[in-house]
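All chains are named by letter (A, B, ...) in the order of the sequence lines, taking the proteins before the strands, and each is independently numbered beginning at 1. In what follows, every heavy atom counts, from backbone to side chain, and hydrogens, waters and symmetry copies are set aside. All values derive from a computational prediction rather than experimental measurement.
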There are 2 protein chains.
Amino acid sequence: MPYRIGEAAKRAGCKVETVRYYEQAGLLPEPARTEGNFRLYSEAHLEQLCFIRHCRSLNMSLEDIRSLLELKTRPIENCAEINALVDEHIRRVEEQMDLLVQLRQSLQELRGQCIGPEATGTCEIIRGLSECECHGGADSKV
Amino acid sequence: MPYRIGEAAKRAGCKVETVRYYEQAGLLPEPARTEGNFRLYSEAHLEQLCFIRHCRSLNMSLEDIRSLLELKTRPIENCAEINALVDEHIRRVEEQMDLLVQLRQSLQELRGQCIGPEATGTCEIIRGLSECECHGGADSKV
DNA sequence: CCTTGACTCTATAGTTACTAGAGGGATTGT
DNA sequence: ACAATCCCTCTAGTAACTATAGAGTCAAGG
């Protein structure tokens, strides 16, 4: 019934090294060992590993997951805090989305400046990327 | 007219260490030095630094920027390649956006499962995060 | 019994794009 | 002359792994 690390990793859909990494990071308790010093994971270990992977698939940081694992020990009492953590994470995801929207906008504007190299005798994209008021206007070689 | 590193960094809107880092990464050519071994940046250096920062503000990798700096030496001949690089970057940004949209969807579904801790005697969010078929169903302690 | 192969162990270094610090020298202003 | 501010090099730290090196363990086959 107990799993060795390879089996545990396969079931959780990650690499063996990742499992060991979680242990070292304090997200997964140290498992029992065989006589030959192999790790032996219980069902509960596997559940926790899957929990971690599920959180990671939602892009939560290991720090967040650490908190969740702590809160998880008293799910009812900590329900509000758990909700808050998820809300905060959603907020961060939305923040990142906004950033990407702006980014794409800027990139598309830049891309749209290209009207063929013949027209202006230079690449308009490079010109766009070079635009800046921080330096003098003179053309100069590095 | 030449700038010391502090002035150059300020004009480019980054830290002194970042400028040195770009030099070490091969994005910025080694500048002249004063007798006292201080870096002295020319106008051209500053332009290149701003170019790099501009690209970074568009979230391009230093690797991308390295390529762009190379292509930039022959802007007309390389116009197509430059466009391709920007297009590829836009594609990556959009890919990331799609990921975030899915992520937010999953997170909101998870968040929506919470119906108050009294209802089911546990936190539905934790239950959602624990869902997985990789392990046995039995409740178990770690 | 011995060997082969698959698995596991620890420890260490690499990835990205910086950032922060130690411990020292240079320059500037009073 | 001295303090404040700049600058120098070198090293280590960040997140979340990934990828080695070099060794040990274990089951099956000959």
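When rounded to the nearest whole Å, the span between CD of B:Gln24 and P of D:dC10 equals 9 Å. Atom CD1 of B:Ile5 and atom P of C:dT27 are 15 Å apart (whole Å). Remark: C1' of C:dT8 and OH of A:Tyr3 are 19 Å apart, rounded to the nearest angstrom. To the nearest angstrom, P of C:dT27 lies 13 Å from CZ of B:Arg33. Between B:Glu23 atom CD and D:dC8 atom C1' there is a gap of 12 Å when expressed in whole angstrom units.
Between B:Glu23 and B:Tyr41, some side-chain heavy-atom pair lies under the 4.5 Å cut-off. Two residues are said to be in side-chain contact when any heavy atoms from C-beta on lie closer than 4.5 Å; B:Tyr21 and B:Lys15 fail this criterion. In this structure the side chain of B:Cys79 reaches within 4.5 angstrom of the side chain of A:Cys114, judged on heavy atoms. Looking only at side-chain heavy atoms (C-beta outward), B:Glu81 and B:Leu85 stay at 4.5 Å or farther from each other.
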> Which nucleotides of nucleotides 13-27 of chain D have their base under 4.0 Å from a protein heavy atom (B), which only their sugar-phosphate (S), and which neither (-), written as one string 5' to 3'?
Replying inline: ---BBBBB---BSS-

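In B:Arg92, the CZ atom is crowded: over 12 heavy atoms of neighbouring residues, nucleotides or ligands sit closer than 6.0 Å. The environment of B:Glu109 atom CD is dense: over 12 non-hydrogen atoms of other residues, nucleotides or ligands sit within 6.0 angstrom. The environment of A:Glu94 atom CD is dense: over 12 non-hydrogen atoms of other residues, nucleotides or ligands sit within 6.0 angstrom.
When only modelled atom types and interatomic distance are considered, B:His45 and B:Ser42 share a side-chain donor-acceptor pair under 3.5 Å.
Between B:Arg39 and D:dC8 there is a side-chain polar atom (N or O) within less than 4.0 angstrom of OP1 or OP2.
At its two ends the helix from C:dC1-D:dG30 to C:dT30-D:dA1 runs along axes set 30° apart, each axis drawn from five pairs and the angle rounded to 10°.
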